[in-house]
Amino acid sequence: MELINTLLLQIFLFCLITLDSVSAQTCFNGYFKPNSTFDINRRLILSTLASKVTAHNGFYSTSISQNPNQLLIIGMCIPGTKPETCSDCIKGSTDGLLRSCPNQTVGYVWPDCCMVRYSNISFSGSLIMEPSQPVSDPAPIGVDLKLFDRIWEELMSRTITAASSTHKSSSFKHMYYAAEVASLTTFQTIYAMVQCTPDVSSGDCEFCLKKTVVDYKKCCRGNKGGAFVRPFCFIRWDLYPFAGAFENVTSPPPSSPSIKESISSYHL
Ligand SMILES: *[C@@H]1O[C@H](CO)[C@@H](O)[C@H](O)[C@H]1NC(C)=O
Ligand SMILES: *[C@@H]1O[C@H](CO)[C@@H](O)[C@H](O)[C@H]1NC(C)=O
Ligand SMILES: *[C@@H]1O[C@H](CO)[C@@H](O)[C@H](O)[C@H]1NC(C)=O
Ligand SMILES: *[C@@H]1O[C@H](CO)[C@@H](O)[C@H](O)[C@H]1NC(C)=O
């Protein structure tokens, strides 16, 4: 697949406290003719997607077969999102896609609490990993990196395992999703969220998330919070709760003695 264009335009994110994060429409693959059947259907479905997603309990997908291109559209909100928040997030995303992707055959946007993607291709079984987009707060994390890596990697791995098994087992049947926390220091908690779109297998979801963690580390290790967005998977973490995702997540157990020791020796 040819990467034609990646547009990085900020849209207003309704479920974020800060606006400097995960906020870009990405369009790629190839071009369609404006006002073609593909375009007319795309605009029609995207413009009514917010109400469809909220009416369907946070997830809606549809596909249209047509010449020369099929059209597949997915809209979803993370579990527990209030209907207004979900609707606002989807609306902001579809407006952004229509504005920023005037003639590209695939477009996606993945703010924290919702996701919208339209495409003329199926993602099922295809491991389409690009175009991807890292987003990171370049401020240094300010703790011993060896210690941080150990806790962060354990947390990401635990969150990925939870997300790639939710598809089958939980009440959130429609998506791969997990939000988990870990104690970094006595006073700091790491909040992590990962997601995949529901049209891929559990194995592909896990593969994508694991690769994304590795790629995130390459670009952004040592930074204070960040995210990495791909066409069908997403990771995000920070030192504060975000997207209303951690309301019901149990607090982490107090740090183990070894962690406290290494933290205090680091601070000494
Ligand atoms: C999707 O669109 C691209 C660009 O126009 C085209 O090359 C490709 O064949 C299309 N794929 C499908 C499955 O329609
Ligand atoms: C598409 O259709 C709209 C409404 O009919 C028209 O205003 C616009 O000029 C058309 N654009 C192109 C590129 O044909
Ligand atoms: C937290 O739990 C309450 C009560 O079960 C529920 O209404 C709410 O949606 C949950 N929030 C999240 C973010 O899951
Ligand atoms: C796609 O749209 C852009 C912006 O309107 C335009 O500059 C470009 O020529 C178009 N490309 C094709 C292949 O239609």
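Just so you know, ligand 1 is whichever comes first in the structure, and atom 1 is the first atom listed for that ligand.
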task: Compile the protein residues with any heavy atom at a distance under 4.0 Å from an atom of ligand 1; present them by chain, then by number.
output: N29, G30, Y31, N69, T105, N120, I121

W152/Y216 aromatic ring centres below 6.0 Å: yes

Atoms in ligand 3 with a heavy atom of G244 nearer than 4.0 Å: 13 (C)

message: Quick check: F148 with W237 (ring centres under 6.0 Å apart)?
response: yes

- prompt: Should the SG of C89 and the SG of C113 be checked, would they turn out to be under 2.5 Å apart?
  reply: no

- prompt: Any side-chain heavy-atom pair from Q195 and R236 closer than 4.5 angstrom?
  reply: no

- prompt: With sequence neighbours left out, what residues match K211 under salt bridge (charged side-chain N to carboxylate O under 4.0 Å, His left out)?
  reply: D215

I235 side chain near R230 side chain, heavy-atom distance below 4.5 Å: no

